[in-house]
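The structure under discussion appears below in the form of C-alpha cells.
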Amino acid sequence: MDEMETCSEGLRDLGEEDVLSSPPPSIIAPPSPPTIMGTPMLVDQPQSPLSSQTMVGTTQLDLTLLEQAQPRREPSQKYLKEREICMDYFSGWTEQDQIEFVEELLVSMHHHQHGTVNAFLKPMLQRDFISLLPKKGLDHVAENILSFLDARSLCAAELVSKEWLRVISEGMLWKKLIERKVNTDSLWKGLADRRGWVQYLFKPKPGESHPSHSFYRRLYPSIIKDIDAIEDNWRCGKHNLQRINCRSENSKGVYCLQYDDHKIVSGLRDNTIKMWDRQTLQQHQRVLTGHTGSVLCLQYDEKVIISGSSDSTVRVWDVESGEMVNTLIHHCEAVLHLSFNFKFCNDNKLGMMVTCSKDRSIAVWDMVSPTEINLRRVLVGHRAAVNVVDFDDKYIVSASGDRTIKVWSTSSCEFVRTLNGHKRGIACLQYHDRLVVSGSSDNTIRLWDIECGACLRTLEGHEELVRCIRFDSKRIVSGAYDGKIKVWDLQAAMDPRAPAGTLCIRTLVEHSGRVFRLQFDEFQIVSSSHDDTILIWDFLNCNPPESYALQQ
C-alpha cells in the first residue's frame with residue numbers, strides 16, 4: 001500500500017465509513033451650531049480647566065452665561081448691616097475655631113442649602129495638577145500621568161489648555177502611545193515591521209534623530225486607517241493571492257506546513273520536507289530526506305524541525321544545516337500529529353513533546369536536547385486513530401476517529417474528562433486558554449469550554465470533512481475536503497445571541513483539491529492542499545499601502 005493509502009487509512013478511522021484516513025447623509029440637513037440661552041457655544045478653543053469655561057465633550061460652555069441666566073437674589077438689609085460684624089469676629093478666630101464654627105453653621109442649615117454650598121466649594125477644591133506640576137519642575141510626572149491615556153482621551157487632553165498641549169507635545173506622548181501599542185499588540189507589531197515605521201520608534205540609531213511630535217500625531221490616525229482597511233479586507237475577502245507549485249514528481253499533495261517571515265516549511269506526500277523563501281517563493285536547494293513514508297505533520301522552532309510520518313517514525317532535523325539529528329521509534333503505525341515546546345519547563349526539563357498515532361495511542365516525551373528526547377508516558381483511552389494533539393502547561397488535549405476529545409493533565413498525564421458531541425470522527429483541533437475548537441467528518445466545527453466540557457457553539461457550512469482549523473482572538477479559519485477555506489467571527493460565535501447565519505464572514509475558494517493544512521496571522525492565510533500547491537492569501541498588500549506622511 002502506498003503512502004497516500006496509508007495516510008488515508010489512518011484518517012479513515014476518524015469516521016465509521018470514509019473519514020480522513022441609517023438614511024443617507026445627503027438627506028439630513030447639516031446641524032446648526034449648538035446654542036445655549038440663545039448664545040452660540042464656543043468650540044475648539046483650548047481653555048484652562050480653572051477658567052469660567054468648562055468642557056462638555058469637545059464643546060466648551062461659558063459658565064458666565066448660566067450665571068447671567070440665574071441672577072442672585074438681593075441680600076436683605078439685616079444681612080448687609082450685620083455681615084461685617086460677623087466677618088470681623090470670624091477673622092479674629094484661629095483656623096481651628098473657624099473650622100468648628102463653619103461645621104456648626106452647616107449642621108444648622110437645611111439640605112437644599114447644603115447643595116448650594118457644595119456647588120460653590122466644588123470648583124474651589126479642584127486643581128489643574130497637569131499645569132501646576134511643570135511649575136514645580138515636575139514635567140516628567142505630568143508626562144507620565146498623561147502617558148496612560150488612550151488615543152481618544154489624549155485627543156481630549158490636547159484641547160484642555162495650551163499647557164496640557166505643551167506637556168503632550170514635549171513629552172512625545174503620541175510616540176509613546178504607538179510604542180506601547182507595538183509592544184502589546186501583535187497586529188501593531190506586524191504592521192510596524194511590514195510598513196517600515198518601526199524605524200521611527202524607540203531609541204534612534206547612533207547619529208540619527210527621530211521626527212518631531214507632529215509626525216507621530218499624524219502617524220497614529222494613518223495607522224488606524226490602515227488597520228481598518230485590513231479588517232475590511234478580511235470581511236470582504238479582498239486579498240492578493242500567491243501560489244507555490246510544489247511540482248512533486250511522483251505522489252502529489254502537501255500534508256502539513258508552518259511559516260514565519262522568512263520561510264515556509266512543508267511536509268509532502270513524496271516523503272520529503274521542502275522549504276521555500278517567504279519573499280521570492282523560490283524553493284531552497286536543501287530538501288530534507290530520510291522518511292520512508294509521507295510526511296504527515298511537522299513543527300519547527302529556531303533550532304529544530306520535528307516531523308512525523310506514515311513510516312511510524314518521528315525525526316528531528318537541525319534547522320540551519322538540515323541534518324537529521326535524531327529518530328524516535330515508538331509508534332507502530334503512522335504518526336498523525338505532534339506538538340512540542342522547547343521553552344516549556346516541567347520538573348526542570350527543557351521541553352516537552354506530544355505525539356499521536358493511528359495506533360490509537362498518545363506519547364508524551366521529555367526534551368532535554370534535540371538529541372536527547374525521552375519517552376515519559378503513553379496515554380491510552382481512545383478507541384480509534386488519534387488524529388491531533390495540543391497542549392499547554394495545564395492540559396493535553398487529543399481528538400480521535402472515535403468521535404471524542406479527551407483531556408489529560410499535563411503534569412501528571414492522568415485522564416481528566418471527555419468532550420462528547422461530534423457525530424463522526426474528529427480530524428483537527430486547537431486549544432488555547434479555556435477554548436477548544438474542533439473540526440470533524442460530520443462537516444461541523446464545535447467550540448468547547450475545556451473546564452466544564454460544554455459545547456458552546458456548533459458552526460455549520462462546510463460540505464465535507466473539516467480537515468484543519470486555527471483560531472486567534474478574532475477569527476476561526478477552517479479548511480475542508482470540499483476545497484474551501486472559511487473565515488468565521490470568533491467573538492460573535494462566543495455570543496449565544498448571535499444568529500448562526502452571521503458567523504461565517506467569508507468563504508475562499510481557490511484550491512482545486514482537499515485542503516490539508518493552514519496557518520494564519522493578522523495579515524495572511526497560508527494553506528496547503530492535495531492539489532500539490534501552497535497558497536498565500538495576503539490581506540495586507542491587496543491595496544497600495546496608505547501613505548504614513550513619513551516626510552519630516
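Throughout, numbering of the chain's residues begins at 1 and tracks the sequence. No hydrogens, no waters, no symmetry mates; every other heavy atom, side chains included, goes into these values.
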Do R195 and I223 have side chains that approach each other closer than 4.5 Å (heavy atoms only, starting at C-beta)? no
I'd like to know if E231 pairs up with R475 as an ion pair, taking the criterion as any Lys NZ or Arg NE/NH1/NH2 lying under 4.0 Å from an Asp or Glu carboxylate oxygen. yes
Lys/Arg N to Asp/Glu carboxylate O, K484 vs E463, below 4.0 Å: yes
Taking the six-membered ring for Trp, are Y431 and Y395 parallel (under 30°), tilted (30 to 60°) or perpendicular (over 60°)? tilted
Option from N245, I534, I536 for which side-chain contact (heavy atoms from CB on, under 4.5 Å) with L281 holds: I536
When you look at W365 and I306, which way does the side-chain contact (heavy atoms from CB on, under 4.5 Å) test go after all the steps? CA-CA 13 Å; W365 308 79; I306 303 182; over 6 Å; no
Charged N to carboxylate O under 4.0 angstrom, D193 versus K189? yes
Parallel, tilted or perpendicular: rings of Y255 and F516 (30°, 60°): tilted
Looking at I244, is its backbone amide N or carbonyl O close enough to the side chain of T533 to form a donor-acceptor pair, meaning the two atoms are under 3.5 Å apart? no
Evaluate side-chain contact (heavy atoms from CB on, under 4.5 Å) for C356 paired with N387, printing each intermediate quantity in order. CA-CA 7 Å; C356 62; N387 295 298; 6.0 Å; no
Could you tell me whether D232 and R235 make a salt bridge, using a distance below 4.0 angstrom between a side-chain N and a carboxylate O? yes
Where the side chain of E333 meets the backbone of S357, is there a donor-acceptor pair that is under 3.5 Å apart? no
Within the supplied structure, the quantity of interest is the number of heavy atoms (other residues, nucleotides, ligands) at a distance under 6.0 Å from F415 CZ; does it exceed 12? yes
Less than 4.5 Å apart, side chain to side chain, heavy atoms only: is that true for I525 and V487? yes
What is the distance from atom OG of S248 to atom CZ of R269, rounded to the nearest 0.5 Å? 9.5 Å
From L173 CG over to I168 CD1, what is the distance, rounded to the nearest 0.5 angstrom? 6.0 Å
Can you confirm whether or not the ring centre of W188 sits under 6.0 Å from the ring centre of Y220? yes
Is R247 paired with D532 through a side-chain N to carboxylate O contact shorter than 4.0 Å? no
May I ask you to say whether D442 pairs ionically with R403, meaning some side-chain N is under 4.0 Å from a carboxylate O? no
Salt-bridge criterion met for D311 and R315 (N-O under 4.0 Å): yes
Pair K486 + D482, salt bridge at N-O below 4.0 Å: no
Any heavy-atom pair between the side chains of L535 and L241 that's under 4.5 Å? yes
Run D185 and R180 through salt bridge (Lys or Arg N to Asp or Glu O under 4.0 Å) and show every step you take. CA-CA 8 Å; D185 190 315; R180 189 164 73 243; over 6 Å; no
Is there a side-chain contact between W408 and E414 (heavy atoms, below 4.5 Å)? no
Using atom types as modelled and distance alone, determine if a side-chain donor or acceptor of T355 lies under 3.5 Å from a backbone N or O of L338. no
Got more than 12 heavy atoms from elsewhere within 6.0 Å of NE2, H432? no
Okay, side chain of S294, backbone of L296: is any donor-acceptor separation there less than 3.5 Å? no
Kindly check if the number of other-residue, nucleotide or ligand heavy atoms within 6.0 Å of CZ (R417) is above 12? yes
Check whether any side-chain N or O of D390 sits under 3.5 Å from a backbone N or O of Q430 as a donor-acceptor pair, and report yes or no. no
Can we call the ring centroids of F539 and F523 under 6.0 Å apart? no
Would the distance check show the side chain of S307 and the main-chain N or O of L298 forming a donor-acceptor pair, the cut-off being under 3.5 Å? no
Within the structure provided, determine whether V407 and T418 are in side-chain contact (heavy-atom separation under 4.5 Å). no
Checking side-chain polar atoms at under 3.5 Å, does D521 have a donor or acceptor matched by the opposite partner on Y259? yes
Quick check against the 3.5 Å criterion: does S478 have a side-chain atom that pairs as donor or acceptor with the backbone of I469? no
Between the side chains of W174 and E158, is a donor N or O closer than 3.5 angstrom to an acceptor N or O? yes
Using 0.5 Å steps for rounding, measure from the CD atom of Q285 to the NZ atom of K274. 13.5 Å
H239 versus D538, side-chain donor and acceptor atoms under 3.5 Å: no
Less than 4.5 Å apart, any side-chain heavy atom of F342 and any of V304? yes
Is the side chain of S440 donor-acceptor paired with the backbone N or O of R424 at a distance under 3.5 Å, no angle test? yes
Is the closest side-chain donor-acceptor distance between Y200 and E179 under 3.5 Å? no
Separation between CG of L328 and CG of L375, rounded to the nearest 0.5 Å: 9.0 Å
Short N-O contact, K303 and D301, less than 4.0 angstrom: no
Q299 side chain near S339 side chain, heavy-atom distance below 4.5 Å: yes
Would you check if there is a donor-acceptor pair between the side chains of S398 and H382 at a distance under 3.5 Å? yes
Mark yes or no for whether R514, through its side chain, and D531, through its backbone, hold a donor-acceptor pair below 3.5 Å. no
Any non-hydrogen side-chain atom of K181 less than 4.5 Å from a side-chain atom of L187? no
Could you tell me the separation between the CD1 atom of I445 and the CG atom of L459, rounded to the nearest 0.5 Å? 5.0 Å
With a distance cut-off below 6.0 Å to the six-membered ring centre and an angular limit of 45° from the axis, does R470 pair with F520 as a cation-pi contact? no
Flag for H331-D359: side-chain donor and acceptor within less than 3.5 Å: yes
Out of curiosity, C428 SG to R517 CZ, how far, rounded to the nearest 0.5 Å? 9.0 Å
Side-chain donor/acceptor of R446 to backbone N/O of S438, under 3.5 Å: no
Looking only at heavy atoms, what is the nearest atom pair of I476 and L490, with distance? CD1-CD1, 3.8 Å
